[in-house]
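In what follows, every chain begins at residue 1, and chains take the letters A, B, ... in the order their sequences are listed.
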Amino acid sequence: MRLITWNINSVRLRLDLVLRLLEEESPDVLCLQETKVVDDLFPRAAFEERGWGHIALAGMKGYNGVAIVSRLPIDAHDVHHWCGRQDCRHVVARLPGDIEVHNLYVPSGGDVPDPEKNEKFAHKLAFLDEMIAWWPTARRADDRLVVVGDLNIAPLENDVWSHRQMIDVVSHTPIEVETLTRMQRSLGFVDALRHFVPESEKLYTWWSYRARDWAASDRGRRLDHVWVTPPLAPALTAARVRRDARGWAPKPSDHVPVVVDLAP
DNA sequence: ATGGTAGCGTAGCTA
């Protein structure tokens, strides 16, 4: 099974790029974040016509939004909301083979890494803390789970271009790294990308739009992740980042797809 | 220290 996660930053504006990815990679399951569209206006037909006819959505107007687009039947799906909001950041699909995919869009957290001074940062930490409490009550470490998405945290030193210069920057602060690590440990999730790419190697999935030349400066961060529970870890056969998609014309997303292959 | 870009939707918020 091939599974891809991609923060698309408007699925309607970049539908042509999504279709290009489907053509090039032919994934079984594509998980999108920041679709920025209500469910009724999601471009279903484009996916259905190409064979990805099973779709689970949680979208809203203008912001956030997650989608799971699948070639495999989706037996059931759920939408979860956190922190008392209805902000469309978590959709779940159950797939054949008793695999459950959780597609997440974790709050970005604003600019100031202090929950006392910045409500957005407090929300980001609260969102993760709620999930950390929820996982062990709702699922088991021996379930066959895949957690993907834009987690908006780069946990390892080589998940950012400069650990030293990023230590006080939201996405790489110690409190965020510690919180994300606690979520990872809540069910013993295995980091699929780092299962294949050594921690000593720089690895990014996001580059700011604000750089003059994203490729030359290469000030990236690894914000997008794929985790699996221990029963699925032996099935991992490959994981890679489609860095080239950051340059796709005419208007790339600031995130690139992460591709993971699981043996049957 | 600051400003740099992008999407939605048409002002200002979010990232």
Side-chain angles (χ1 to χ4, degrees), chain A residues 5-21 31-43 46 57-67 81-90 103-115 117-128 148-155 159-162 164-173 175-176 179-180 204-225 243 245-258:
Chain A
T5 181
W6 195 9
N7 179 321
I8 192 58
N9 188 17
S10 174
V11 68
R12 288 182 292 177
L13 189 70
R14 277 182 257 281
L15 182 59
D16 54 340
L17 301 186
V18 176
L19 299 178
R20 172 175 173 182
L21 181 74
C31 297
L32 299 170
Q33 303 87 35
E34 285 206 83
T35 53
K36 297 189 174 180
V37 63
V38 293
D39 296 351
D40 287 347
L41 296 178
F42 188 88
L57 295 174
M60 59 189 281
K61 183 177 176 178
Y63 299 103
N64 310 331
V66 284
H81 292 290
W82 303 99
C83 300
R85 308 188 188 203
Q86 304 283 310
D87 54 359
C88 300
R89 296 177 180 275
H90 185 182
N103 182 15
L104 296 176
Y105 176 51
V106 172
S108 176
D111 291 327
V112 179
D114 181 345
K117 296 177 184 156
N118 173 10
E119 178 276 328
K120 291 179 193 168
F121 195 74
H123 177 219
K124 181 178 198 172
L125 297 178
F127 183 100
L128 291 167
V148 311
D150 177 2
L151 305 186
N152 263 317
I153 297 173
D159 290 343
V160 292
W161 64 278
S162 167
R164 187 177 59 81
Q165 293 181 77
M166 288 289 298
I167 196 79
D168 293 322
V169 176
V170 171
S171 72
H172 192 63
T173 64
I175 181 68
E176 291 169 275
T179 305
L180 189 69
Y204 315 136
T205 65
W206 173 90
W207 294 261
S208 173
Y209 282 126
R210 297 177 188 175
R212 285 192 191 89
D213 183 336
W214 72 271
S217 57
D218 199 20
R219 295 187 168 192
R221 309 178 195 174
R222 188 170 72 106
L223 303 179
D224 303 274
H225 300 270
R243 179 184 166 106
R246 185 61 180 76
W248 280 2
K251 290 155 83 74
S253 172
D254 47 353
H255 295 253
V256 297
V258 176

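For the C1' atoms, the distance from dA11(B) to dA6(B) is 16 Å, rounded to whole Å. The separation of dG9(B) from dT5(B), taken at their P atoms, amounts to 22 Å, rounded to a whole angstrom. Taking atom P on both dT2(B) and dA15(B), the two are 22 Å apart, rounded to the nearest angstrom. Across the C1' atoms, dT10(B) and dT14(B) are found 16 Å apart, a figure rounded to whole Å.
Ion pair Asp218(A)/Arg243(A) flagged as a salt bridge, since at least one NZ, NE, NH1 or NH2 atom sits closer than 4.0 Å to an Asp/Glu carboxylate oxygen.
Under the ring-ring contact (aromatic ring centres under 6.0 Å, His included) criterion, Phe42(A) pairs with Phe47(A), not counting sequence neighbours.
When the shell of 6.0 Å around CG of Asp213(A) is examined, it contains more than 12 heavy atoms from other residues, nucleotides or ligands. Annotation for Asp16(A): atom CG counts as buried by contact number, over 12 foreign heavy atoms lying within 6.0 Å.
For Arg221(A) and dA15(B), the CZ to P distance is 13 Å, given to the nearest whole Å. Protein atom OH of Tyr209(A) is 13 Å distant from nucleotide atom C1' of dC8(B), rounded to whole Å. Spacing between atom CD1 of Ile153(A) and atom P of dA15(B) amounts to 14 Å, rounded to whole angstrom units. Taking atom OH of residue Tyr105(A) and atom P of nucleotide dA15(B), one finds them 5 Å apart after rounding to whole Å. The CG atom of Asp150(A) sits 13 Å away from the C1' atom of dT14(B) (whole-angstrom rounding). Taking atom NZ on Lys251(A) and atom C1' on dG7(B), their separation rounds to 8 Å, with Å as the unit. Rounding to whole angstrom units, NZ of residue Lys124(A) and P of dT14(B) are separated by 15 Å. Taking atom CG of Asn7(A) as the reference point, atom C1' of dA6(B) lies 12 Å away to the nearest angstrom.
Here the straight-line distance linking atom CG of Asp159(A) with atom CD1 of Ile153(A) works out to 11.0 Å at 0.5 Å rounding. Atom OG of Ser171(A) and atom CD of Glu176(A) lie 6.0 Å apart (nearest 0.5 Å).
Position along DNA chain B of the nearest nucleotide to Ser108(A) versus Leu13(A) favours Leu13(A) as the more 5'-ward residue.
Relative orientation of the Trp82(A) and His90(A) rings is parallel, given thresholds of 30° and 60° on the angle between their planes.
Listed pair Arg12(A) / dG7(B) fails the phosphate criterion, with no side-chain N or O lying under 4.0 Å from OP1 or OP2. Considering only side-chain N and O atoms, Ser10(A) lies under 4.0 angstrom from the phosphate OP1 or OP2 of dC8(B).
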Polar atom pairs (N or O), protein with nucleotides 10-12 of chain B, under 3.5 Å:
none

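Residue contacts shown for Arg89(A) are limited to sugar-phosphate atoms, with no base heavy atom under 4.0 Å away.
A donor N or O paired with an acceptor N or O is found under 3.5 Å between the base of dA15(B) and the side-chain atoms of Arg210(A).
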